[in-house]
Amino acid sequence: MDYDSFLELAKTRRSVRRFKPDPIPDEYVDKIIEAARWAPSGYNTQPWDFVVVKDKKIKDSITQWVGKYWAAAIEMEETREFGQKQGDFPWHDEDMDFRIAPVYIILYGDTRTKIGLPMFIRHYPNLRESIYNSSLANAFMYMLLAAQTLGLAAQWVSLIAEPYIHCMVKDLLNIPRELEPYDMLVLGYPALKPRPKLLRPSDKMVHHDYCSQEEFRTDEEVNDFARRTVTWTTATHRRGVDKKMVG
Ligand SMILES: Cc1cc2nc3c(=O)[nH]c(=O)nc-3n(C[C@H](O)[C@H](O)[C@H](O)COP(=O)(O)O)c2cc1C
C-alpha cells in the first residue's frame, strides 16, 4: 500500500451512526477481528478478547441499558462550566440508531495479561494502565480501519464500560471477572454519509525541536475549538437517516 492509499483510508474512516438493519456477512466480522489481532500492544501482551453479539434480544438489552444511563448523563451536563454550556443537551442520539445495527463487537481487556509487562511498568500504575488501554485502543482502531475497507458503518459506544452497563452485560453474557470492557464497536451498512470533518488546522499543532509561545495555542483558542467541536459532534450524532441510502 502506498501513502496516498493509506491517507485515503485514514480520511474516509469516519464514525457513522445511522445504520441499515441488513445483516453483514460473518466473514466480514472474522476479517475485522483478524485485523485487530495484528495490532501492536505493550510488550506484545495482546490483552484483548472479542465478544460478537448478533442476537436481537441481547442487542436490545444493551441498548436499553445505555438508554437508561443517559438520563444521568444529561443531568451531569447541567454542571458544565459557563461558556461551554450548550443550549440543548448535545451529543445524545435519542434514536440510538445502533439498536438496529446487525452486529456489535465488545472489545474486552483481560486484566491478567498485565503480568506480562516488565516489572518497572507493572509497578508504575499510570504507565501500566496507559499501556494496557493504548493496546486495546490499537486493536479497536484496526477494527475500525478494517470495517472501512469493507464498506461498513461503524460507531463506538464507550458507555459499555460504565459500571452499571458493564455489570448488566457481564451478567447476561457470562463474562468472566477478569475481563474488563474497553469499548463496543457497532457495525452495519451505512444509512448516512458522514459530513465533512471539523479538523484542527495543523499550525500550532506541530513543534520542531522547540515549542515557542507563539506556536502554542492560547486558552481561548482551546476553549473556542472545544465549543465548536461539541457543536459539530452534536450535529453528527443527531443527523437522521439518508433516505436515498436506505433504498
Ligand atoms: C476514545 C473514543 C471514544 C468514543 N466514544 C464514542 C461514543 O461513545 N459514541 C459515539 O457515538 N462516538 C464515540 N467516539 C467517536 C468520536 O465522537 C468521533 O471519532 C469524533 O467525533 C470524530 O469523528 P470521526 O470518527 O467521524 O472522525 C469515540 C471516539 C474515541 C476516540
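Remember, it's 1-based here, ligands and their atoms both numbered in the order they're listed. Fair warning: this is a prediction, and the values are worked out from it, not measured in the lab. The first residue in the sequence is number 1, and the count goes up from there.
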Exercise for the section: Taking only Lys NZ, Arg NE, NH1 and NH2, and the carboxylate oxygens of Asp or Glu, determine whether Glu8 and Lys11 approach each other closer than 4.0 Å. Expected result: no
Problem - Test: Lys57 and Asp55 ion pair at under 4.0 Å - result: no
Practice task
Would you mind running through ligand 1 and noting each atom that sits below 4.0 Å from a heavy atom of Trp232?
Solution key: 21 (O), 23 (O)
Practice task
May I ask you to identify the nearest protein heavy atom to atom 11 (O) of ligand 1, giving residue, atom name and distance to one decimal place in Å?
Solution key: Arg17 NE, 2.6 Å
Problem - Nearest neighbour in protein (non-hydrogen) for atom 27 (O) of ligand 1 - result: Lys197 NZ, 2.6 Å
Fill in the blank from the handout: Near Ser158 (heavy-atom distance under 4.0 Å), the atoms of ligand 1 are 3 (C), 4 (C), 5 (N), 6 (C), 7 (C), 8 (O)
Problem - Heteroatom distance test (Gln155, ligand 1): nitrogen or oxygen, under 3.5 angstrom - result: yes
Exercise for the section: Please report the shortest heavy-atom distance between Leu187 and Ala147, naming the atom on each side. Expected result: CD2-CB, 3.7 Å
Problem - Close aromatic pair by centroid cut-off 6.0 Å: Trp48 and Phe140 - result: no
Handout entry: Carboxylate-amine/guanidinium proximity below 4.0 Å for Lys56 and Asp60
Key = yes
Handout entry: Set of residues satisfying side-chain contact (heavy atoms from CB on, under 4.5 Å) with respect to Arg200, sequence neighbours excluded
Key = Met205, Arg217, Phe225
Practice task
Assess Lys68 against Tyr164: is NZ or CZ under 6.0 Å from the centre of the six-membered ring, and within 45 degrees of the ring's axis?
Solution key: no
Exercise for the section: Go through ligand 1 atom by atom and flag the ones less than 4.0 Å from a non-hydrogen atom of Arg13. Expected result: 24 (P), 25 (O), 27 (O)
Problem - Per-atom contacts, ligand 1 versus Ser15 - under 4.0 Å to a heavy atom - result: 15 (C), 18 (C), 19 (O), 24 (P), 25 (O), 26 (O)
Problem - Element-labelled atoms of ligand 1 that are located less than 4.0 Å from some non-hydrogen atom of Arg14 - result: 24 (P), 26 (O), 27 (O)
Practice task
Answer yes or no: is there an ion pair linking Lys204 with Glu214, defined by an N-O contact shorter than 4.0 Å?
Solution key: no
Exercise for the section: Give the contacting part of Tyr182 toward ligand 1: side chain, backbone, both or neither, where contact means a heavy-atom distance below 4.0 Å. Expected result: neither
Practice task
For His237, take its heavy atoms, then give the atoms of ligand 1 lying under 4.0 Å from any of them.
Solution key: 10 (C), 11 (O)
Handout entry: Backbone or side-chain N or O of Trp156 under 3.5 Å from ligand 1 N or O
Key = yes
Problem - ligand 1 contact on Val157 by region, counting heavy-atom pairs under 4.0 Å - result: backbone
